[in-house]
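The structure appears right after this line, and notes come after that.
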Number of protein chains: 2
Amino acid sequence: MSDALAQHIERFVSIPKDDIANIATYFKKLHLKKKENLLAEGKVCNSNYFVENGLLRLFYVKDNGTEQTTHFAMENWWLTDYNSFAAQKPATFNIQAVEKSDVLALSYTAQEKLLREYPILERYFRLIHQRAHAASQFRIRWLYDLSKEQAYNDFCNAYPEFVQRIPQYLLASFLGFTPEYLSEIRAKRKS
Amino acid sequence: MSDALAQHIERFVSIPKDDIANIATYFKKLHLKKKENLLAEGKVCNSNYFVENGLLRLFYVKDNGTEQTTHFAMENWWLTDYNSFAAQKPATFNIQAVEKSDVLALSYTAQEKLLREYPILERYFRLIHQRAHAASQFRIRWLYDLSKEQAYNDFCNAYPEFVQRIPQYLLASFLGFTPEYLSEIRAKRKS
DNA sequence: CGATTTTTTGAATCATATCAACGTACGTGG
DNA sequence: CCACGTACGTTGATATGATTCAAAAAATCG
C-alpha cells in the first residue's frame, strides 16, 4: 500500500500497526499513464480510488460533445463516481488520469469485506465523506457566487501550483467557461 | 424522537428495539415557526438537524445584500453547515425554517457520545454522507450543465409538489437567478 | 523539422442582470 | 370581516458578461 494511505487513515482513526499490512491486501495498486482511463460512462464503477501521486479528473461529455470536468483528485484524495459506486449502477461520469499516476483501487466488494473486518474504518470513511460533504457545500456556494473572472482569479490565488500543473483548456472546463474566454481574462490581467 | 428518525436509521442499519429509546435521548426536539432561525452566520454551528416535517433552507448573504439559498432540507433530510459543525468554527451559512417545522437537533458533543456508545451509527452516518456526496456530484454537474431556463424546467418536472410549496423568489434564488428572470421564463412558458 | 495540440484574437450574438415602476395578494389589527 | 400595509410578482428598457465561430499564432511532441 506504500505509506500514503496508511498515513492518511491514521490522520483520522488509530489502527494497530499489524492491521495495516492486512488492510493493504484489500487494495489493488494501479499505474496509469497520462490520459489513461479508469472509468467510462455507462460502465458500472466498481472501485473507489485513492491517489498516491499524480492527478485524476472526473468529467462527463456534454450534448455538444465537449468534455466537462467537474472534479480533480490529487495526492491523498479519494475519487469515484459515487452514484455509480454506491448503488453499483452504470456511471454517468468518466475518470481519467491527467498525469502519470499511482492509484490504489478499492473494489466495491473488497470495501464491504474490509468494513466488516475493520468496523473502525466505517468511521474513517464517515469522516472522509463528511469532509467531502462540507467541501461540496463550499464548492456549490462558490459556483453560485463568483463571476467567471473572479472564479479564475480566486482559483489561481488558492492553488497556484495546481494551475501550473494542468493545461488551460482543462482549467477553463473545470471553472465552467470556454478556453477563449480564459484567454481574454488573462490578456486583461496582464495589462 | 417520534418514528421518523428511527425508521430512517433502520433503512441503513439494524438497531435493537431497546436501543432506539436510548438513542432518542441524545436528540433535542425543536418546534420552529415559519422564518425562525436555527443558525446565523458567524456563530458556531453546534448541531446537526434532522427534519421530521416542514422545510429548512441553508443560505448565505451575498455582497450586494441578497440572500442566496444553496440547499433545502425537507422531511427525513439532515442539514447543517458541515464546515462549521465538523470543525466547530464559525458558520458561513444561515439556516432558517421556510415553513413551520419539527426538527431533531443532535449537538456536536451529543453526536460524539452517541457514536462512542453505538459505533454502528458510524456506518449510518457514513452512508448518509456518502449519499450526500453522491448527490453533490450530480448537483454540481447540474449547475455546470443547465442554462437557467433549463434548470427551471427540469426542477419543475422533477419536484412539482415542492415548487408549489415555496415562494417564487426562493425558487429563483435556489436556481441561481433573479425573480425577474423567473417571471420572464414563466411568461414565455405559457405562450 | 513537420504535425498536431493548445492558446489567442476579434466580431457577432445571446442569456441573464439591473433598475424602476406598477400590479396583485395576502395576513394582521382594528 | 374588512381595509390597509407590506411582501410578492410582473413588465419593459437598457446594460453586460460570456458564448460562438472562424482563423491565426504559439507551443509541444514525435
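Below, read A as the first sequence line, B as the second, and so on, with proteins coming before strands; counting in each chain starts at 1.
Rounded to an integer number of Å, the gap from B:Lys188 NZ to D:dT11 P is 13 Å. Between A:Leu170 atom CG and C:dT5 atom P the separation is 15 Å, expressed in whole Å. Taking atom CD on A:Gln168 and atom P on D:dA27, their separation rounds to 11 Å, with Å as the unit. If you measure from atom CD of A:Glu180 to atom P of C:dT6, you get 14 Å, rounded to the nearest angstrom. What separates CG of A:Leu146 from C1' of D:dG17 is a distance of 14 Å, to the nearest Å. One can place CG of B:Leu182 at 17 Å from C1' of D:dG12, the figure rounded to the nearest angstrom. Going from atom CD of B:Gln68 over to atom C1' of C:dA17 covers 14 Å, rounded to whole Å. One interatomic measurement links the two molecules: CD1 of B:Ile185 to C1' of D:dG9, which rounds to 14 Å at whole-angstrom precision.
Distances shorter than 4.0 Å separate some side-chain N or O of A:Tyr181 from OP1 or OP2 on D:dA18. For the pair A:Arg186 and C:dT8, the criterion of a side-chain N or O lying under 4.0 Å from OP1 or OP2 is met. In this model, the phosphate group of D:dT19 is approached by a side-chain N or O of A:Thr178 to a distance below 4.0 Å at OP1 or OP2.
Under the 30°/60° scheme for interplanar angles, the aromatic rings of B:Phe162 and B:Tyr159 are found to stand perpendicular.
Residue contacts shown for B:Lys35 are limited to sugar-phosphate atoms, with no base heavy atom under 4.0 Å away. Among the heavy atoms of the strands lying under 4.0 Å from A:Phe177 are primed sugar atoms or P, OP1, OP2 only; no base atom is included.
Scanning both residues, A:Ile185 and A:Lys148, for their nearest heavy atoms gives CD1-O, 4.2 Å.
B:Ser101 contributes a side-chain N or O that, together with a main-chain N or O of B:Leu55, makes up a donor-acceptor pair within less than 3.5 Å.
For the side chain to side chain donor-acceptor pair (under 3.5 Å) criterion with A:Arg126, the lone passing option out of B:Glu122, B:Gln130, B:His129 is B:Glu122.
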